[in-house]
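All values below were derived from every heavy atom in this structure, side-chain atoms included, with hydrogens, water molecules and symmetry-related copies excluded. Note that ligands are numbered from 1 as they come in the structure, with each ligand's atoms numbered from 1 the same way.
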Amino acid sequence: MRCPFCDNPDTRVLDSRQTEDGHVIRRRRICDACGKRFTTYEKAEISILMIVKKDGRREAFDRQKVAGGIIRACEKRPVSMEEINEMAARIERKAQAAGRSEVTSDYIGELVMDELRAVDQVAYIRFASVYRQFANVEKFAEEIDKLRQVGSARARHGIRIAIDGPSGAGKSTIAKRVAARLGFDYIDTGAMYRSIGLKMARSGFFGEDGMHGGAVDPSREIDPDRLSSVLAETEIDFREGKVYLDGEDVESEIRNSEISKAASACAQIGIVREKLVDIQREIGSRKNVVMDGRDIGTNVFRDAEYKFFLTAAPEERAKRRFLELKEKGQDVVYEDILKDVEERDYRDTHRELNPLRKAEDAVEIDSTHMTIEEVVDEICSRVTI
Ligand SMILES: Nc1ncnc2c1ncn2[C@@H]1O[C@H](COP(=O)(O)OP(=O)(O)O)[C@@H](O)[C@H]1O
Ligand SMILES: Nc1ccn([C@H]2C[C@H](O)[C@@H](COP(=O)(O)OP(=O)(O)O)O2)c(=O)n1
């Protein structure tokens with residue numbers, strides 16, 4: 001590389017180091033002709049990310065601008081330039097990880113708030129007051145109350161975000177992304193019912209001919225003592241986003257329509273629900289979680305810090321499931337899936353035990369005409385951590 005001082009065509013690398021968690025290589029160089037030293041940075045070139053502003057104008061993402069906003073919010077606060085640069089770098093990576101060629105300036109604003117909230121709450125309030133255009137002191141008080149409330153929840157047990165809704169509304173897709181963005185654990189309670197469904201099927205509870213369409217009331221046919229002893233020796237846990245049944249990774253085996261029916265049927269059995277709700281509460285008592293299911297906001301965590309009820313029209317949900325299964329190479333018919341979705345909606349909302357319903361204090365989001373990213377943005381914009 002040419003020397004920037006004397007224009008000598010060659011310079012030497014003295015030292016190479018990784019920075020920004022290995023996303024950038026920093027090199028110290030020396031020019032043997034003039035003896036001056038300088039630093040260069042090497043990073044992957046990713047196509048330019050465009051920012052759509054509130055007035056509809058577009059401009060290229062500029063990390064310096066993001067850092068500038070953070071510097072203003074952090075004036076006279078104990079936040080170093082190194083921390084500020086790291087925040088700006090993380091924001092750029094998160095915005096690029098969304099995989100889109102353009103994102104809104106609002107989305108960048110939310111990412112800045114997520115970073116500031118974790119680093120310095122005074123800087124966070126300053127930034128929020130400008131970005132969310134607080135009109136009066138009440139808005140400041142409200143935001144500070146939220147910080148306090150969530151701070152004490154964090155100290156007591158962790159923050160719990162509950163996402164309930166019918167099949168195919170996008171709960172697991174959205175919950176996974178919200179958890180990744182906030183750095184929370186994602187707990188898929190449907191996968192727990194599916195795992196029990198699999199265990200019951202393997203243990204012969206549903207008979208030779210399978211699930212009887214899944215429409216029967218299984219509690220009438222199932223020997224409760226035998227089920228109790230099977231449940232007593234059943235272990236379910238999550239590791240790196242995958243569900244384990246008695247130590248076996250069953251993540252792929254539980255994602256088919258037969259196990260969907262088994263899960264929906266066993267979710268009607270009291271002792272199954274008791275066991276799973278105990279495990280869910282225990283997990284939520286020791287870490288920050290995003291938990292999705294049918295009864296999280298109404299039963300498992302009635303006092304969850306945040307509750308969302310995610311819905312979409314049945315036809316849209318069936319279309320999503322159809323595309324998903326087809327992509328996986330399964331031979332599926334749209335009409336069958338729609339029928340399955342409607343039947344499961346009926347069973348989930350009409351069962352006696354903890355039926356699917358919106359908690360009174362849950363925020364309802366209809367995702368029929370929303371993209372995945374829009375739903376994630378909507379949820380994250382309401383969450384203070
Ligand atoms: N807003 C959305 N727009 C388009 N597709 C979506 C949306 N939300 C989810 N999907 C897709 O719909 C399918 C079902 O979503 P999933 O998260 O499994 O729903 P749930 O957990 O509520 O049953 C997945 O293939 C997912 O990628
Ligand atoms: N908290 C929960 C989670 C799932 N269930 C039941 C309801 C569903 O029919 C099955 C499977 O749930 P899952 O969320 O995996 O199903 P979908 O992905 O929405 O099709 O379990 C429940 O009763 N309570």
Side-chain angles (χ1 to χ4, degrees), residues 162-179 186-198 200 211 214-215 218 236 243 250-251 254-270 272-281 283-284 290-301 304 308-328 330 332 337 340-357 359 365-379:
I163 304 183
D164 290 307
S167 174
K171 299 179 299 299
S172 45
T173 310
I174 304 297
K176 219 175 278 171
R177 293 196 191 203
V178 168
Y186 164 55
I187 306 297
D188 176 354
T189 64
M192 299 169 97
Y193 287 92
R194 286 172 181 271
S195 300
I196 298 282
L198 174 65
M200 288 178 69
M211 284 303 307
I236 293 178
V243 64
V250 290
E251 190 56 43
I254 57 171
R255 310 282 171 197
N256 63 53
S257 57
E258 194 64 9
I259 295 298
S260 296
K261 285 178 190 160
S264 182
C266 79
Q268 299 172 48
I269 306 174
V272 170
R273 299 203 74 84
E274 274 163 32
K275 179 179 174 95
L276 294 186
V277 169
D278 279 352
I279 300 176
Q280 291 153 14
R281 287 190 179 140
I283 297 174
V290 182
M291 200 174 269
D292 81 324
R294 303 294 191 283
D295 63 336
I296 312 304
T298 52
N299 176 42
V300 181
F301 296 127
F308 297 93
F309 192 75
L310 192 57
T311 62
E315 294 74 16
E316 171 67 19
R317 291 188 278 122
K319 187 181 95 191
R320 291 176 187 172
R321 200 54 94 208
F322 172 74
L323 293 174
E324 182 186 341
L325 295 176
K326 238 179 126 188
E327 190 132 301
K328 282 188 190 159
Q330 295 186 22
V332 281
I337 296 200
D340 186 50
V341 160
E342 285 171 340
E343 278 175 8
R344 220 132 61 85
D345 281 358
Y346 185 85
R347 274 202 303 283
D348 290 344
T349 51
H350 285 77
R351 67 167 179 242
E352 214 173 296
L353 300 168
N354 311 123
L356 169 66
R357 62 177 178 80
I365 301 176
D366 182 342
S367 75
T368 308
H369 303 294
M370 290 171 85
T371 65
I372 291 172
E373 230 22 72
E374 281 169 346
V375 180
V376 174
D377 288 351
E378 174 73 28
I379 291 182

Using a 4.0 Å cut-off to any heavy atom of [X], which atoms of ligand 2 qualify?
{"X": "Arg321", "result": "17 (P), 18 (O), 19 (O), 20 (O)"}
{"X": "Ala263", "result": "10 (C), 11 (C)"}
{"X": "Ala267", "result": "6 (C), 23 (O)"}
{"X": "Asp348", "result": "7 (C), 8 (C), 9 (O)"}
{"X": "Gly190", "result": "3 (C), 4 (C), 12 (O), 13 (P), 14 (O), 15 (O)"}

Taking it one step at a time, do Glu342 and Arg317 satisfy side chain to side chain contact (heavy atoms under 4.5 Å, CB included)? CA-CA 10 Å; Glu342 285 171 340; Arg317 291 188 278 122; over 6 Å; no
Please confirm whether Ala312 comes under 4.0 Å of ligand 1, counting heavy atoms of the residue only. no
Please confirm whether Ser167 approaches ligand 1 to less than 4.0 Å, judged on its heavy atoms. yes
Which residue and heavy atom of the protein sit nearest [atom], plus the separation:
{"atom": "atom 10 (N) of ligand 1", "result": "Arg320 CD, 3.6 Å"}
{"atom": "atom 17 (O) of ligand 1", "result": "Thr173 OG1, 2.5 Å"}
{"atom": "atom 1 (N) of ligand 2", "result": "Asp295 OD1, 2.8 Å"}
{"atom": "atom 25 (O) of ligand 1", "result": "Glu324 OE1, 3.1 Å"}
{"atom": "atom 21 (O) of ligand 2", "result": "Tyr193 CB, 3.5 Å"}
{"atom": "atom 9 (C) of ligand 1", "result": "Gly170 CA, 3.6 Å"}

Leu356, portion touching ligand 2 at heavy-atom distance under 4.0 Å: neither
Select one of side chain, backbone, both or neither to describe which atoms of Arg194 lie under 4.0 Å from any atom of ligand 2, heavy atoms only. side chain
May I ask you to check whether Ser260 and Arg194 show a side-chain donor-acceptor distance below 3.5 Å? yes
How many angstroms lie between atom [atom1] of [X] and atom [atom2] of [Y], to the nearest 0.5 angstrom?
{"X": "Ile163", "Y": "Ile379", "atom1": "CD1", "atom2": "CD1", "answer": "4.0 Å"}
{"X": "Glu378", "Y": "Phe308", "atom1": "CD", "atom2": "CZ", "answer": "8.0 Å"}
{"X": "Glu251", "Y": "Ser195", "atom1": "CD", "atom2": "OG", "answer": "8.0 Å"}
{"X": "Ile269", "Y": "Glu274", "atom1": "CD1", "atom2": "CD", "answer": "12.0 Å"}
{"X": "Tyr186", "Y": "Ile174", "atom1": "OH", "atom2": "CD1", "answer": "10.5 Å"}

Could you check Glu373 against Asp377 for side chain to side chain contact (heavy atoms under 4.5 Å, CB included), going step by step and ending with a plain yes or no? CA-CA 6 Å; Glu373 230 22 72; Asp377 288 351; 4.1 Å; yes
Where do Val243 and Val250 land on the side chain to side chain contact (heavy atoms under 4.5 Å, CB included) test, with the steps shown first? CA-CA 6 Å; Val243 64; Val250 290; 4.0 Å; yes
Kindly identify the option in Arg351, Gln280, Lys171, Arg294 whose heavy atom sits closest to atom 14 (O) of ligand 2. Arg294
When you compare the side chain of Pro166 with that of Asp348, does any pair of heavy atoms fall below 4.5 Å? no
Ligand 1-proximal atoms of Leu310, by part, heavy-atom distance under 4.0 Å: neither
Could you tell me whether Arg321 approaches ligand 1 through its side chain, its backbone, both or neither, with non-hydrogen atoms closer than 4.0 Å? side chain
Any chance you could lay out the salt bridge (charged side-chain N to carboxylate O under 4.0 Å, His left out) test for Asp295 and Arg273, step after step, and finish with the verdict? CA-CA 10 Å; Asp295 63 336; Arg273 299 203 74 84; 3.0 Å; yes
Does the residue Arg273 have a heavy-atom contact with ligand 2, meaning some pair of atoms that are separated by less than 4.0 Å? yes
Between [X] and ligand 2, is there a nitrogen or oxygen pair with a distance under 3.5 Å?
{"X": "Thr189", "answer": "yes"}
{"X": "Arg344", "answer": "yes"}
{"X": "Ser167", "answer": "yes"}

Mark yes or no for whether [X], through its side chain, and [Y], through its backbone, hold a donor-acceptor pair below 3.5 Å.
{"X": "Arg344", "Y": "Arg347", "value": "no"}
{"X": "Arg320", "Y": "Ala169", "value": "yes"}
{"X": "Glu316", "Y": "Ala313", "value": "no"}

Ligand 1 atoms in contact with [X] (distance to a heavy atom under 4.0 Å):
{"X": "Met370", "result": "1 (N), 2 (C), 3 (N)"}
{"X": "Pro166", "result": "22 (O)"}
{"X": "Ala169", "result": "19 (O), 22 (O)"}

Should Glu316 be counted as touching ligand 1, given the test is an N or O pair under 3.5 Å? no
Between Val375 and ligand 1, does any nitrogen or oxygen pair lie at a separation below 3.5 Å? no
What do the steps show when you test Val300 against Thr189 for side chain to side chain contact (heavy atoms under 4.5 Å, CB included), and what is the final call? CA-CA 10 Å; Val300 181; Thr189 64; over 6 Å; no
Looking at residues at least two apart in the chain, or sitting in another chain, which of them share a side-chain hydrogen bond (donor to acceptor under 3.5 Å, both in side chains) with Arg281? none
